[in-house]
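All figures in this text were calculated on a predicted structure; none of them were measured in a lab.
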Amino acid sequence: MKIRPYIPEDKDKLLQIIRTNTPTYFAPEEEADFADYLEREREEYFVIESGGELVG
């Protein structure tokens, strides 16, 4: 596993990940909030890769 800083190219994959966890862990409206956070409000955000694939 590798933890690294978020880059804008990660956004689509992260949104796919949140969709797989909706509605069990996230409300549907949280996807838009998360997308907005990644675009405008993010300061430091880290992602996790496993086997070269973004997983979290």
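By the rule that hydrophobic residues join a cluster once side-chain heavy atoms approach within less than 4.5 Å of another member, Ile3 and Leu54 end up as members of separate clusters. No single ILVMFWY cluster, assembled from side-chain heavy atoms under 4.5 Å apart, contains both Met1 and Leu14.
Applying the 6.0 Å contact sphere to CZ of Phe46 captures more than 12 heavy atoms from other residues, nucleotides or ligands. Atom CD of Glu53 has 12 or fewer heavy atoms from other residues, nucleotides or ligands within 6.0 Å.
Remark: the backbone N or O of Ile7 is paired with a side-chain donor or acceptor of Asp10 at under 3.5 angstrom. A donor-acceptor contact shorter than 3.5 Å links the side chain of Thr20 to the backbone of Ile17.
In plain terms, the two heavy atoms of Leu15 and Ala35 that are nearest each other are CD2-CB, 4.1 Å.
Here the CD-CG distance, from Glu41 to Asp33, works out to 8.5 Å after rounding to the nearest 0.5 Å. Between atom CD1 of residue Ile18 and atom CZ of residue Phe34 there is a gap of 5.5 Å, rounded to the nearest 0.5 Å.
In summary, the aromatic rings of Tyr37 and Tyr45 are positioned with their centroids under 6.0 Å apart.
Under the side chain to side chain donor-acceptor pair (under 3.5 Å) criterion, Asp36 pairs with Arg40, sequence neighbours left out.
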